[in-house]
Amino acid sequence: SGTTRPMRILHYVQRSAKCGDVLSVISAIDSFCSKVEWAMNVGDKKGEILDAVVLETRPRYVLELGTYCGYSTMRIARLLPPGARLITIEMNSHYAQVAKELFQHAGLDAQDKSAEKRPAGPTCKVELLLGSSSVLIPQLKKKLDIDKFDLVFIDHWKVSYLPDTRLLEECGLLKSGSVLLADNVTCPGAPDYLEYVRNSPRYRSQYFPSQLEYLQVEDGVEKSVFLG
Ligand SMILES: O=C(NCCCCc1cc2cnccc2s1)c1cc(-c2ccc(F)cc2)cc(O)c1O
Ligand SMILES: [Mg+2]
C-alpha cells in the first residue's frame with residue numbers, strides 16, 4: 001500500500017514546480033510523465049491543440065468530463081478570462097483530491113463544489129464536481145446556474161463520449177456554435193462517438209491528428225461544432 005501514480009505526480013510537482021506558476025506545474029507533469037512514469041494526461045502535443053481551440057473559442061462557460069490529475073483543467077484555466085467558469089467532473093475521489101492539491105500548488109482559483117461549505121455563487125474559475133457524468137450533467141443547470149456551455153472537453157470513459165454528448169443535447173446545454181473537443185478518438189478510440197459527430201447534420205466535425213501522450217503512438221482529437 002505504497003503511493004499511487006497520481007500521488008507520485010503530485011509529490012514530483014510539489015518538489016520541482018514553482019508555487020503559483022501554472023506553466024511550471026504543467027511542464028513538471030509533462031517531464032515526470034515523459035521521463036519517469038506514463039500517465040493519461042492529454043499531454044503537451046495534444047495539449048497544444050487544446051490550447052489553440054480554447055484561444056479560438058474564447059469560451060465563457062467550459063465543461064470538462066474527466067479531470068484525472070487536472071492537467072488539462074490547468075491548461076484550459078490558464079487561458080480563460082476572469083469571469084469565465086470551468087466545471088470539471090471527476091468520478092474518482094482520489095484523482096479529484098490530487099487535482100485539487102495540484103490546483104493549489106499552481107495557485108489556481110479552484111473550489112470543490114461537492115463540499116458543503118461553499119460561498120454562494122461562482123467565486124472561482126475552476127469548479128470540481130465529484131460524481132458520474134450521466135448523473136451530474138442533468139443537474140448542472142439547476143445546481144450551478146449555468147445555461148449553455150461554449151466549450152466541452154471530453155476525456156473520460158471512451159464508451160461514455162456518445163451517450164453523454166446525447167445527454168448534453170437533451171439537457172439543452174449546447175447552443176449553436178458550442179464546441180466539443182474529444183481526446184483519444186484514435187487511441188483508445190471512441191468509434192461510436194466519431195461516427196455520430198461525423199455523420200450528424202447537427203455537427204461540423206474536424207480531426208486533428210497527433211500522438212498519444214508521451215508516446216510515439218497515433219492518437220488525435222476531434223473538434224465538433226454544434227450547429228443547433
Ligand atoms: O481512460 C482514459 N481516460 C478516462 C479515465 C477516467 C474515467 C472517468 C469516468 C468518468 C465518469 N463520469 C465522470 C467523470 C469520469 S472520469 C484514457 C486512457 C488512455 C490510455 C490508456 C491506456 C493505453 F494503453 C492507451 C491510452 C489515454 C487517455 O488520454 C485517457 O484519457
Ligand atoms: Mg485522454
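Every number for a ligand or one of its atoms is a count from 1 in the order of the listing.
Contact check for K141 versus L173: side-chain heavy atoms found under the 4.5 Å cut-off. Side-chain contact check for V179 versus D150: every heavy-atom pair is 4.5 Å or farther apart.
Excluding waters, the set of protein N/O/S atoms under 2.8 Å from the Mg ion (ligand 2) reads D155 OD1, D183 OD2, N184 OD1.
Residue-level proximity to ligand 1 for Y71 is absent, since no heavy atom of it falls below 4.0 angstrom. With a 4.0 Å heavy-atom cut-off, ligand 1 is reached by no atom of T67. Of all the heavy atoms of D155, the ones lying under 4.0 Å from any atom of ligand 1 are found in both the backbone and the side chain.
Here the protein heavy atom with the shortest distance to atom 1 (O) of ligand 1 is K158 CE, 3.8 Å. Summary of contacts: the protein heavy atom closest to atom 15 (C) of ligand 1 is M91 CB, 3.5 Å. Scanning the protein for heavy atoms near atom 12 (N) of ligand 1, the closest one is S133 N, 2.9 Å.
The aromatic rings of F226 and Y203 are tilted relative to each other, their planes meeting at an angle between 30° and 60°. Using a 30° and 60° split on the angle between ring planes, H156 and Y161 fall in the parallel class, below 30°.
E90 approaches T67 most closely through the heavy-atom pair OE1-N, 3.1 Å.
Protein non-hydrogen atoms do not reach within 4.0 Å of atom 24 (F) of ligand 1. Proximity of atom 5 (C) of ligand 1 to the protein is indicated by at least one non-hydrogen atom lying closer than 4.0 angstrom.
When the side chains of ILVMFWY residues are joined at heavy-atom separations under 4.5 Å, either directly or via intervening members, L181 and L80 end up in a single hydrophobic cluster.
The residue among E64, K46, E213, M40 with a heavy atom at the shortest distance from atom 29 (O) of ligand 1 is E213. Checking V42, L212, L129, N184 against atom 28 (C) of ligand 1, the nearest heavy atom belongs to N184.
With ligand atoms numbered from 1 in the order given, ligand 1 contributes 12 (N), 13 (C) to contacts under 4.0 Å with heavy atoms of G131. Counting atoms of ligand 1 from 1 in the listed order, those under 4.0 Å from a heavy atom of D183 are 29 (O).
Using a 4.0 Å heavy-atom cutoff, P188 is listed among the residues neighbouring ligand 1.
D183 pairs with exactly one of K45, K46, K223 by the salt bridge (Lys or Arg N to Asp or Glu O under 4.0 Å) rule, that one being K46. Checked options K148, R85, K175; the residue passing with Y61 is R85 (criterion: side-chain contact (heavy atoms from CB on, under 4.5 Å)).
Residue E90 has no N or O atom closer than 3.5 Å to an N or O atom of ligand 1. Not one N or O of W38 is nearer than 3.5 Å to an N or O of ligand 1, by distance alone.
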Task: Derivation of the side chain to side chain donor-acceptor pair (under 3.5 Å) call for R75 and Y71 - done: CA-CA 6 Å; R75 284 201 80 113; Y71 173 91; 2.9 Å; yes
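Two rings, from Y95 and Y68, have their centers less than 6.0 Å apart.
A search for salt bridge (charged side-chain N to carboxylate O under 4.0 Å, His left out) contacts involving E222 returns R198, not counting sequence neighbours.
Checking S133 against D164 by side-chain atom types alone, a donor-acceptor pair falls below 3.5 Å.
Without hydrogens or angle criteria, H105 side chain to A17 main chain gives a donor-acceptor distance under 3.5 Å.
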